[in-house]
Amino acid sequence: MIKLFSLKQQKKDEESAGGTKGSSKKASAAQLRIQKDINELNLPKTCEIDFSDHDDLLNFKLVICPDEGFYKAGKFVFSFKVGQGYPHDPPKVKCETMVYHPNIDLEGNVCLNILREDWKPVLTINSIIYGLQYLFLEPNPEDPLNKEAAEVLQNNRRLFEQNVQRSMRGGYIGSTYFERCLK
């Protein structure tokens, strides 16, 4: 028979004595869940994750390099900030690369339903990564943040493709300058 009370007492004694088994700083629910999400990541070949501080799993960057579609050969960087409310609250995701895209505005805000009203605690970082990758394969002009880009996509696909290419090479679309973002 396992002696639960003696095990609990032993653990308390180790923690109070600064033992090696118990950590003086407990991991938050968000930290535990993000650790699990990261351990279970199944990144597509077009994506890379960068943890600038390996001790801080709640802040990291995602690089997406689409290999097909309008944004093929581009390199787009997203920052993830996972709050203490995770997984009950979605992470904050911003696109750091200025991009001509109907679902990403010029300030880097991303229009992805699972980052807003459709977020559920069962969703993971992996779900968000696949959602972001899908935005580059199939931009959605029906739910735009950049209304001008959405309108061009709906009315003139060829012009939209030319604008995307011009913006990724580095250039102006109207009065807005886009930095080069080809890999």
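Side chains included, hydrogens not; waters and symmetry mates left out as well; all remaining heavy atoms used. Computed from a predicted model, the values in this text were never measured in an experiment.
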Within 6.0 angstrom of Lys94 NZ, more than 12 heavy atoms from elsewhere: yes
query = Should we say atom CZ of Phe51 is surrounded by more than 12 heavy atoms from elsewhere, each under 6.0 Å from it?
reply = yes
Looking only at heavy atoms, the pair that brings Pro102 and Ala149 closest together is N-CB, 3.9 Å
Problem - Donor-acceptor under 3.5 Å (Arg169 side chain, Val164 main chain) - result: no
(Q) I'd like to know if Arg157 and Glu161 make a salt bridge, using a cut-off of under 4.0 Å between side-chain N and carboxylate O. (A) no
Please check if atom CD in Glu151 has more than 12 non-hydrogen atoms from other residues, nucleotides or ligands closer than 6.0 Å. no
Query - Side chain to side chain, Phe78 and Glu96, heavy atoms closer than 4.5 Å - result: no
Starting from the C-alpha separation in whole Å, work towards a yes-or-no answer on side chain to side chain contact (heavy atoms under 4.5 Å, CB included) for Phe80 and Asn59. CA-CA 6 Å; Phe80 279 65; Asn59 295 291; over 6 Å; no
Does the Asn103 side chain pair with the main chain of Cys111, one donor and one acceptor, at a distance under 3.5 Å? no
Does Asn126 reach the main-chain N or O of Leu41 with its side chain, forming a donor-acceptor pair under 3.5 Å?
no
Step-by-step salt bridge (charged side-chain N to carboxylate O under 4.0 Å, His left out) determination, Glu48 to Lys61 = CA-CA 8 Å; Glu48 251 176 59; Lys61 303 227 185 284; over 6 Å; no
Heavy-atom closest pair (Ile114 atom, Ser127 atom, distance to 0.1 Å) is CD1-O, 3.6 Å
Are Phe136 and His101 an aromatic pair, judged by ring center distance below 6.0 Å? yes
Salt bridge between Asp143 and Arg116, side-chain N to carboxylate O under 4.0 Å? yes
| said: Before you tell me yes or no, could you show the steps for Leu62 and Phe76 under side chain to side chain contact (heavy atoms under 4.5 Å, CB included), namely the whole-Å CA-CA distance, both residues' side-chain angles and the distance that decides it to 0.1 Å? | reply: CA-CA 8 Å; Leu62 169 73; Phe76 306 96; over 6 Å; no
Applying side-chain contact (heavy atoms from CB on, under 4.5 Å) to Asp105 and not counting sequence neighbours gives Glu107, Asn109, Leu145
Practice problem: Go through the steps for Thr97 and Lys75 under the test side chain to side chain contact (heavy atoms under 4.5 Å, CB included), then give the verdict. | Solution: CA-CA 8 Å; Thr97 309; Lys75 181 178 180 179; over 6 Å; no
If you group Ile, Leu, Val, Met, Phe, Trp and Tyr by side-chain heavy-atom gaps below 4.5 Å, do Leu123 and Ile34 land in one group?
yes
**Request:** I would like to know whether Glu142 and Gln154 meet side-chain hydrogen bond (donor to acceptor under 3.5 Å, both in side chains); could you show each step before the answer?
**Result:** CA-CA 9 Å; Glu142 302 301 319; Gln154 285 179 313; 3.1 Å; yes
**Asked** Are the side chain of Ser167 and the backbone N or O of Asn163 linked by a donor-acceptor pair below 3.5 Å?
**Response** yes
Closest non-hydrogen contact found for Val110 with Leu132 is CG1-CD2, 3.7 Å
In terms of heavy-atom contacts, Trp119 and Asp89 come closest through NE1-C, 3.6 Å
Partner of Asp67 under salt bridge (Lys or Arg N to Asp or Glu O under 4.0 Å), picked from Lys72, Lys45, Lys183, is Lys45
Notebook entry, point to check: Can Asn113 and Glu117 be counted as having a side-chain donor-acceptor contact under 3.5 angstrom?
Noted result: no
* Carefully, step by step, assess Glu40 and Lys36 under the rule salt bridge (charged side-chain N to carboxylate O under 4.0 Å, His left out). => CA-CA 6 Å; Glu40 295 173 356; Lys36 180 181 184 292; 3.3 Å; yes
Notebook entry, point to check: Below 6.0 angstrom between ring centroids: does that apply to Phe160 and Tyr100?
Noted result: yes
In terms of heavy-atom contacts, Gln165 and Phe70 come closest through NE2-O, 3.0 Å
query = After noting the C-alpha distance and the side-chain angles of Thr176 and Tyr172, does the key distance pass the side chain to side chain contact (heavy atoms under 4.5 Å, CB included) rule?
reply = CA-CA 5 Å; Thr176 306; Tyr172 283 93; 5.9 Å; no
Heavy-atom closest pair (Ala27 atom, Leu32 atom, distance to 0.1 Å) is CB-CD2, 3.8 Å
